[in-house]
Amino acid sequence: MTEIPSTDTPKGPLKGLRIVDLSRLAPGPYCTMLLADLGAEVIVVGGGRAGVPIPELSRGKRFVSLDLKAPEGRAALHALVRTADVLVEGFRPGVADRIGAGYDELAALNPKLVYCSVTGFGQDGPRALEAGHDITYLALSGVLGGLGPKAAPPVPPLNLVADFAGGSLMAAIGILAAVLEARASGRGQKIDAAMVDGALSLMAMHLPLWHTPHWPARGEGLLAGDKPFYRTYACADGRFIAVGALERGFFETLWRTLDLGEAPDHMAAANWPTIERTLTDTFRARPRDAWAALFAGTDACVAPVLEPHEVWDEPHIAARHPEAGPHRVPAVPRLSRTPAVAHPLDETDQTRAILTALGFPEADIDKAIAPEDPATRSGLNWPPPLR
């Protein structure tokens, strides 16, 4: 692999893995951020109407700006691809082919290339060319239909399930698997990472229970938040405590810690109204943090419901991730010898330095660089301006 000098040399288990990232919206950039944290060299190819990924998903990456409509820009991309192990893109099917970044064309240049397409609906099927967002894929995978209170509309859990879990994480798993296989076989392959597919996979434990006593309808079920042993309760200060005493031993510890006498059979539906009234009245008597202190160190699965700004002061999180914060989430998971590292954010344009290191003709570099025209961008700015 051609070495490209950098002031922040990646370390970690993926050191030496070069990824070219053409993606923009959340799933692709989060996937490559995780891989960058683990030591991969990620080169983000910007330029064009879509803009660049948001800073929160850009740490540890290097940025170039190429005009893929120009022959020199495509040639520069191809020069990068010849030295890469992985390419990630998030275009609708067919778009990458039209800009010289399709799998067949790039695989001909680099037969070992692992090419990952991260899209909502995948590369085939009736909806493959449709636009969508996380909520769209949740709606079609059955996830959204099972979330939210019984007497109100379904509620999406931010964009965590389809975009990040079903998209980013599944793509990262596919990339790592394909890279391992390519090192053995000498051949790359194309990964079709569809967020709707990922959302379906994430439902493996739950789908069989739909319309059964364990999950009869939206807002009802063992894990739906309506059972007295697995829900939140309001406290005296208007904040909330989370109870997850699903197993018998945890429930008995909950009941004993609250000094409520002998614990009833919490899996008997006839007891649920009484249990709920008792816990509602009990938790309403004291503020949230008083209950958190009482249950600290117990095996009752009880925890304070923290608002996002409170997370970083929570003692356990602060102890494990003292340098983390709202703009710097931890690098995960922990590895004992080659740990993941949250590398610094550097969004400076390195097009000229990287192309020069690759031996790209100096006369063509200016022609390869994309013109900067923010007025023509059509991508989603995050967060979008509110008026």
The complete set of side chain to side chain donor-acceptor pair (under 3.5 Å) pairs with one or both residues in residues 216-233, sequence neighbours excluded, reads Lys150-Glu220, Arg231-Glu276

Quick one: does Arg82's side chain get under 4.5 Å of Leu358's, heavy atoms only?
-> no

Verdict with supporting geometry, Phe164 and Leu158, side chain to side chain contact (heavy atoms under 4.5 Å, CB included) = CA-CA 10 Å; Phe164 292 112; Leu158 301 179; over 6 Å; no

Derivation of the side chain to side chain contact (heavy atoms under 4.5 Å, CB included) call for Ser141 and Met203 = CA-CA 9 Å; Ser141 62; Met203 289 287 281; 5.5 Å; no

Atom CG in Asp21, atom CZ in Arg62: separation rounded to 0.5 Å?
-> 14.5 Å

Say whether, by atom type as modelled, one donor and one acceptor occur between the side chain of Thr253 and the main chain of Gly249 under 3.5 angstrom.
-> yes

About how many Å separate CD of Gln350 and CG of Leu355, when rounded to the nearest 0.5 Å?
-> 11.0 Å

Could you tell me the separation between the OH atom of Tyr30 and the CG atom of Leu169, rounded to the nearest 0.5 Å?
-> 6.0 Å

Other than Leu386, what residues sit in its cluster of Ile, Leu, Val, Met, Phe, Trp and Tyr side chains whose heavy atoms are under 4.5 Å apart, directly or through others?
-> none

Of all the heavy-atom pairs spanning Ile365 and Phe360, show the shortest one and how long it is.
-> CG1-CD2, 3.8 Å

Donor-acceptor contact below 3.5 Å, side chain Tyr137 vs main chain Val161 | no

Would you mind reporting whether Ser23 and Glu89 have side-chain heavy atoms less than 4.5 Å apart?
-> no

Pairs touching residues 329-338 that satisfy salt bridge (charged side-chain N to carboxylate O under 4.0 Å, His left out), sequence neighbours left out | none

What residues, two or more places apart in sequence or in another chain, satisfy salt bridge (Lys or Arg N to Asp or Glu O under 4.0 Å) together with Arg59?
-> Asp37

State, to 0.1 Å, how close Ala76 and Ala368 come at their nearest heavy-atom pair, and which atoms those are.
-> CB-CB, 4.1 Å

Qualifying salt bridge (charged side-chain N to carboxylate O under 4.0 Å, His left out) pairs, either residue in residues 175-195, two or more places apart | none

Report yes if some heavy atom in the side chain of Val179 is under 4.5 Å from a heavy atom in the side chain of Leu14; otherwise report no.
-> no

Would you find a donor on one side and an acceptor on the other, under 3.5 Å apart, between the side chain of Thr136 and the backbone of His133?
-> yes

Is a side-chain donor or acceptor of Lys61 paired with a backbone partner of Pro29 at a separation under 3.5 angstrom?
-> yes

May I ask you to decide if Pro208's main-chain N or O and Thr212's side chain share a donor-acceptor pair within less than 3.5 Å?
-> no

With sequence neighbours left out, write down each residue that passes side-chain contact (heavy atoms from CB on, under 4.5 Å) with Leu335, or none if nothing qualifies.
-> Pro13, Leu38, Pro333, Thr338

Pair Val88-Val42, side chain to side chain contact (heavy atoms under 4.5 Å, CB included): steps then yes or no | CA-CA 10 Å; Val88 177; Val42 178; over 6 Å; no

Only counting residues at least two apart or in another chain, list the ones meeting side-chain contact (heavy atoms from CB on, under 4.5 Å) with Ala107.
-> Tyr103

With no hydrogens and no angle check, is any side-chain donor or acceptor of Asp134 less than 3.5 Å from a backbone partner on Ala162?
-> yes

Heavy-atom nearest pair, Leu202 first then Gly166, reads CD1-N, 3.8 Å

Straight-line distance of Ser65 OG to Phe63 CZ, nearest 0.5 Å | 11.0 Å

Under 4.5 Å between side-chain heavy atoms, hopping through other hydrophobics if needed: is there a path connecting Leu106 to Phe91?
-> yes

Can you find a pair of side-chain heavy atoms, one from Pro330 and one from Arg320, that are under 4.5 Å apart?
-> no

Val196 with Ile135, same ILVMFWY side-chain cluster at under 4.5 Å | no

Output all residues satisfying salt bridge (Lys or Arg N to Asp or Glu O under 4.0 Å) with Arg288, sequence neighbours left out; order by chain, then residue number.
-> Glu310

In sequence, state the C-alpha distance, the side-chain angles, and the governing distance for Val155 and Leu147, and then conclude on side chain to side chain contact (heavy atoms under 4.5 Å, CB included).
-> CA-CA 6 Å; Val155 179; Leu147 301 180; 5.6 Å; no

Main-chain N/O of Pro27 paired to Asp163 side chain as donor or acceptor, under 3.5 Å | no

Establish whether Met205 and Leu209 are linked, either directly or via other cluster members, by ILVMFWY side-chain heavy-atom contacts under 4.5 Å.
-> no

In Å and rounded to the nearest 0.5 Å, what is the CD1 to CG distance from Ile19 to Leu80?
-> 13.0 Å

Hey, quick one: are Val20 and Leu109 part of the same hydrophobic cluster, counting side-chain heavy atoms closer than 4.5 Å, chains of contacts allowed?
-> yes

Does Arg92 use its side chain to pair, donor to acceptor, with the backbone of Leu129 at less than 3.5 Å?
-> yes

Pairwise side-chain contact, Glu105 with Asp97, heavy-atom cut-off 4.5 Å (strictly under) | no

Output all residues satisfying side-chain hydrogen bond (donor to acceptor under 3.5 Å, both in side chains) with Asp265, sequence neighbours left out; order by chain, then residue number.
-> none

Flag the pair Leu22 / Leu77 as yes when at least one side-chain heavy-atom distance between them is below 4.5 Å, and no otherwise.
-> yes

Would you confirm whether Arg328, through its side chain, and Ala342, through its main-chain N or O, come within 3.5 Å as a donor-acceptor pair?
-> yes

Can you name the residues that form a salt bridge (Lys or Arg N to Asp or Glu O under 4.0 Å) with Glu56, not counting sequence neighbours?
-> none

When the side chains of residues 294-306 are checked against the rest of the protein, which donor-acceptor pairs come out under 3.5 Å, sequence neighbours left out?
from: Thr298; atom 1: OG1; to: Phe295; atom 2: O; distance (Å): 2.7

Is there a donor-acceptor pair closer than 3.5 Å between any side-chain N or O of Trp255 and the backbone N or O of Pro264?
-> no

Results of salt bridge (Lys or Arg N to Asp or Glu O under 4.0 Å) for Asp281 - residues two or more places apart only = Arg284

Taking side chain as C-beta onward, heavy atoms only, is Arg352 less than 4.5 Å from Glu362?
-> yes

If you round to the nearest 0.5 Å, how far is CG of Asp85 from CD1 of Ile175?
-> 11.0 Å

Do Val44 and Ser58 come within less than 4.5 Å of each other through their side chains, counting heavy atoms only?
-> no

Can you see which heavy atom on Pro228 is nearest to which on Val243, and at what distance?
-> O-CG1, 4.4 Å

Would you say His316 has more than 12 foreign heavy atoms packed within less than 6.0 Å of its NE2?
-> no

If you look at every heavy atom in Glu72 and Asp364, which pair is closest and at what distance?
-> CB-O, 3.8 Å

Are Phe240 and Leu254 connected, step by step, through hydrophobic side chains (Ile, Leu, Val, Met, Phe, Trp, Tyr) whose heavy atoms are closer than 4.5 Å?
-> no

Heavy atoms of Gly47 and Ala370 approach each other most closely as CA-CB, 3.7 Å

